[in-house]
J.: 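Quick one: the structure is below, and I'll ask about it shortly.
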Amino acid sequence: MSSLKRDDVPVLAIDGPGGAGKGTVSRLLAAALGWHYLDSGALYRILALAASRRDIELEDEVRVAALAPDLNIRFGTGHDDSVWLDGEEVSAHIRHEDAGTMASVVAALPAVRQALLWRQRAFRQPPGLVADGRDMGTVVFTDAAQKVFLTASAEERADRRYKQLIAKGIDVNIGDLLADINARDARDSNRAVAPLRPADDATVIDTTRLSIAQVVSQVLALVTGEN
Ligand code: DC
């Protein structure tokens, strides 16, 4: 058993807009470092799903926030990116485009963000944590040892998403995807609480013209001080 206190456990914060490659890059970084991984967006997605299943209005701040403490959530570990809610596998549900939009709506509510704070901080376990989200470096883990803000043009992000969905056999319109991305960026960036922005001490990496492997090695170089 490690004697590290929770605050001493190193955190690598990876923030940025949807579709910038944070999820893929963060999982690879966690595997390379042998650290835990927090997909904070999944928590907002699950909460939105749980609220809609209980017929709670997504804007009903008090009722949505009240759901958060009792949510029975389980994440797969390592290469398993499955997610369970109340014992039911909900991975496909929460990865759907609509679930992202619903998550962005509940994520704008201050009481909801407050209610999910401890759940996110509980992921900080030895030997370290890669935390992926919008406000990892600015709010949840302000003392993170390294903060990275991954971004890419909205067109590039729409194009990546389009290719992912087409590969899965899901027919989509790229113009609709771009419109969704712009709407979600605007909601995430303009909300009053924890808006999407790089922390003052974050390293901003524009991934538009970079491969996943290049992004991973740039971030690893930051973590190991070899840059
Ligand atoms: O990263 P994602 O696409 O799974 O996130 C879904 C939504 O949740 C996103 O539009 C904004 C919100 N979110 C947030 O506000 N703060 C986080 N740390 C993670 C996600």
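Atoms within each ligand, like the ligands themselves, are counted from 1 in listed order.
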J.: Kindly give the heavy-atom pair with the smallest separation between Thr142 and Val139, and that separation in Å.
T.: CG2-O, 3.7 Å

J.: What do you reckon, does Tyr44 have a nitrogen or oxygen under 3.5 Å from a nitrogen or oxygen of ligand 1?
T.: no

J.: Please list, in number order, the atoms of ligand 1 under 4.0 Å from a heavy atom of Asp188.
T.: 9 (C), 10 (O), 11 (C)

J.: Please compare Arg184, Met102, Met136, Arg113 and report which has the shortest non-hydrogen distance to atom 15 (O) of ligand 1.
T.: Arg113

J.: Pick one of side chain, backbone, both or neither for how Arg191 approaches ligand 1, counting any non-hydrogen atom pair under 4.0 Å.
T.: side chain

J.: Among Asn182, Thr151, Asp185, Thr208, which one satisfies side-chain hydrogen bond (donor to acceptor under 3.5 Å, both in side chains) with Arg157?
T.: Asp185

J.: Check ligand 1 against Lys22 and write out every atom of the ligand that is under 4.0 Å from a heavy-atom position of the residue.
T.: 1 (O)

J.: Within a 6.0 Å radius of atom CG on Leu117, are there more than 12 heavy atoms belonging to other residues, nucleotides or ligands?
T.: yes

J.: What is the closest protein heavy atom to atom 4 (O) of ligand 1, and at what distance does it sit?
T.: Arg45 NE, 2.7 Å

J.: Just to be sure I'm reading this right: ignoring hydrogens, which of Pro17, Gly23, Gly133, Ala103 gets closest to atom 7 (C) of ligand 1? Compare them by their nearest heavy atoms.
T.: Ala103

J.: Could you state whether Leu150 and Val130 fall into the same hydrophobic cluster, counting links through intermediate Ile, Leu, Val, Met, Phe, Trp or Tyr residues with side-chain heavy atoms under 4.5 angstrom apart?
T.: yes

J.: Show the numbers, then the answer: is there a side-chain hydrogen bond (donor to acceptor under 3.5 Å, both in side chains) between Arg187 and Ser104?
T.: CA-CA 7 Å; Arg187 198 181 304 110; Ser104 162; 2.6 Å; yes

J.: Give yes if a backbone or side-chain nitrogen or oxygen of Asp132 is under 3.5 Å from a nitrogen or oxygen of ligand 1, and no if not.
T.: no

J.: Please give me the minimum heavy-atom distance between Ser189 and Pro195, naming the atom from each residue.
T.: O-CB, 3.3 Å

J.: Give yes or no for whether the N/O distance cutoff of 3.5 Å, strictly under, is met between Gln120 and ligand 1.
T.: no

J.: Give the residue and atom name of whichever protein heavy atom lies nearest to atom 19 (C) of ligand 1, and the separation in Å to one decimal.
T.: Ser40 OG, 3.4 Å

J.: Can you tell me which residue and heavy atom of the protein come closest to atom 20 (C) of ligand 1, and the distance to 0.1 Å?
T.: Gly41 CA, 3.5 Å

J.: Which heavy atom of the protein is the closest neighbour of atom 12 (C) of ligand 1, given with residue, atom name and distance?
T.: Ala107 CB, 3.6 Å

J.: For the hydrophobic clusters of this structure (ILVMFWY residues joined by side-chain heavy atoms under 4.5 Å, transitively), does one cluster hold both Trp84 and Tyr37?
T.: no

J.: I need the nearest protein heavy-atom contact for atom 1 (O) of ligand 1: residue, atom name and distance, please.
T.: Arg134 NH1, 2.8 Å

J.: Can you see whether Arg160 engages Thr24 through a side-chain donor-acceptor pair at a distance of less than 3.5 angstrom?
T.: no

J.: For Glu89, does the CD atom have more than 12 heavy-atom neighbours from other residues, nucleotides or ligands under 6.0 Å away?
T.: yes

